[in-house]
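The sequence lines fix the lettering, A, B, ..., with proteins before strands; numbering per chain opens at 1.
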Amino acid sequence: MKISILVNEGPYQHQASDSAYQFCVAAIDSGHEVSRVFFYHDGVNNGTNLTTPPQDDRHIQKRWSALAESNGVDLVLCVAACQRRGIVDEGERDRNKKDAINVADGFRISGLGQLIEAGIESDRLVTFGD
Amino acid sequence: MKISILVNEGPYQHQASDSAYQFCVAAIDSGHEVSRVFFYHDGVNNGTNLTTPPQDDRHIQKRWSALAESNGVDLVLCVAACQRRGIVDEGERDRNKKDAINVADGFRISGLGQLIEAGIESDRLVTFGD
Amino acid sequence: MEEEYAGGVEKKFIYINRRAPHGTVYPLESLETVLIGAAFDQDVSMLFIDDGVYQLKKDQSTESIEFKNFAKAFRALEMYDVEKLFVEAESLQERGLVEDDLLVDVEVIARAKVSELIDQQDVVLSF
Amino acid sequence: MEEEYAGGVEKKFIYINRRAPHGTVYPLESLETVLIGAAFDQDVSMLFIDDGVYQLKKDQSTESIEFKNFAKAFRALEMYDVEKLFVEAESLQERGLVEDDLLVDVEVIARAKVSELIDQQDVVLSF
Amino acid sequence: MSTLNIVNKSPFEKRTLDQCLSRIAAGDAVLLIEDAVVVAAAGTSYETELKSASASHKLYVLSPDLEARGLAERSLVDGFSCVDYKGFVALVTEHDRVHSWL
Amino acid sequence: MSTLNIVNKSPFEKRTLDQCLSRIAAGDAVLLIEDAVVVAAAGTSYETELKSASASHKLYVLSPDLEARGLAERSLVDGFSCVDYKGFVALVTEHDRVHSWL
């Protein structure tokens, strides 16, 4: 089956992002296709490359980036949520005159339409939040 | 009176940061001293300078920075929370080998001891969270 | 942000709104998603249950908390052909609200009908 | 992160823990704050009520969810001279737990005594 | 030596207000802010619980948050007083400590 | 045409599980994850409510989350089945839609 995921919360504060990740790994292991993970609201904070969690703890952003690389999962950050939270790619930096870029490898910033499209094109949409 | 504030949530997702700000303004208007606002957990996300909220919406980070400038309020971001969330100043950038700095004007990154100290030295500590 | 979708698939989407407005950003984001989603020509319903019914309360005034007052935007839904707004009767009653307290025309349904409505959908989005 | 405080003031701090572990980061952060705060030589109490009592449950195993298992750190509190751990009896009972289910020695108090404990404090930190 | 208790979630959503009311001392005050303000309005199924709480506690509600939720015109449950943010600050200073029930 | 309902908060903290159970159809399933798993263990004051729910609904609990909360050794409320993440995935595919009660 083709499964898409919606993540509403940032890393470390709530278990939502962890649960979503573990679900994705299990879905892929079970032979399903996880086509897209859409990060909405505080969920976009999963996509900053500026985190340095303690060495004995999981690295949530890197886990997501690795999943994109190894399994071609499309990691999409909601652009409006990124603007409110401070997640910036090259385009957003230029458009909003910011000094830095912090979007992590494997994530891309795009519109809410990507969530609707995931709902249409996937067999199931599973939401993880607070 | 000397009042300190603890903010546990980031901007826009929960009302906590807004409530804390409105409380600070009212406290200062009432003749009290707001000596420190300590940002903990997702609260550290208030201190990124990379946000671009919609033009017709409030700019939460800039409001805080202005409060620091006009009233000398000490805005402290918990260092361990910053590391997990991706808020970086010059020292953190060098220490953790990051490519960017995103801490906003008027905020400083420091340890949890600053929260305890605020509890000891203030007449009241008021917490805003989820 | 213009997006087009020419896939030709029509699915039934339901947006479930269960929180009071302003305490969290979810109610605002629900409305934004519905408005953006309108371009995709899907079958869209919005359901308001539990504290979600407060989102439709008349007379919201957000000036003193400096928030955007998005309540008015519910009136724009009709222009986007989003016309299926359901409100649960028991949620209104528990909160001392009546249909006349609401900003827009809605269909009031009994709690016992909620599962039926949800079980007709292809995609459930909860806010 | 070494911090020292030589202000000479001693205040009574209470840390109130009301959430189950792992679903949110607050329980972990509560413990971190207590451990850091120990350097300040204040009078520290920790109170576990509602779902907070699950934080002290024995046998927590976080390997399959890849979380740090911070439960063991409760055993270190004694070394930091944090010895006043209070657990509400009713919170245990509602959850089918008994004192023997807990990782560390605690003082079990009745719900009716909770307000008395809190009203003795200077600073309340809730997690 | 009384405590100002702050509750910010609707009791229809979270049990915080119940959990607070079951544990505070006579003379302690309760302030409802953010989404918790909805039950300060009369006519909800939570009214009885609040009326009995008002016998032993001072109850306050933050008016800017009531206005934001379209409830400023409603009559309040007996025993509630409205405060603005300056009134909130005054409550903080008049009580010995503040306990936010999160 | 049945729905998989997911609840992630303890009913001692939030009313989500009550609100879910009061509205789902016979034949719909409920999966408890994250902090919600605590009430799958037998002996809590919530047990009666879950036992009656199990008469008309399939009830599941996510075992890694039970283990994390030190409840893996406990007996479960009658009617609950344990699933791991792969079992979670299977439930998602076996039902027609997923409704996360947030």
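Heavy atoms of other residues, nucleotides or ligands lying less than 6.0 angstrom from CG of A:Asp99 number 12 at most. Remark: B:Asp105 CG is loosely packed, at most 12 non-hydrogen atoms of other residues, nucleotides or ligands lying under 6.0 Å away.
To the nearest 0.5 angstrom, B:Asn45 atom CG is 4.5 Å from A:Asn45 atom CG. Taken from CG in B:Asp57 to CZ in A:Arg84, the straight-line distance is 5.5 Å, to the nearest 0.5 Å. Atom CD of residue B:Glu92 and atom CG of residue A:Leu50 lie 11.0 Å apart, to the nearest 0.5 angstrom. Rounded to the nearest 0.5 Å, atoms CG (A:Asp130) and CD (B:Gln13) are 8.0 Å apart.
Contact of the B:Thr52 side chain with the A:Lys98 side chain is registered, since non-hydrogen atoms from C-beta on lie closer than 4.5 Å.
Looking at A:Asn102, only its side chain comes within 4.5 Å of chain B, counting heavy atoms on both sides. If you measure heavy-atom distances from B:Asn46 to chain A, you find no contacts under 4.5 Å at all. Residue B:Ile60 does not touch chain A at all, counting heavy-atom pairs closer than 4.5 Å.
Chosen from A:Ile87, A:Thr51, A:Asn96, the residue pairing most often with chain B at heavy-atom distances under 4.5 Å is A:Thr51. The most heavy-atom pairs under 4.5 Å with chain B, out of A:Asp42, A:Asn8, A:Thr48, A:Val88, come from A:Asp42.
When all heavy atoms of B:Ile101 and A:Ala100 are compared, the closest pair comes out as O-CB, 4.2 Å.
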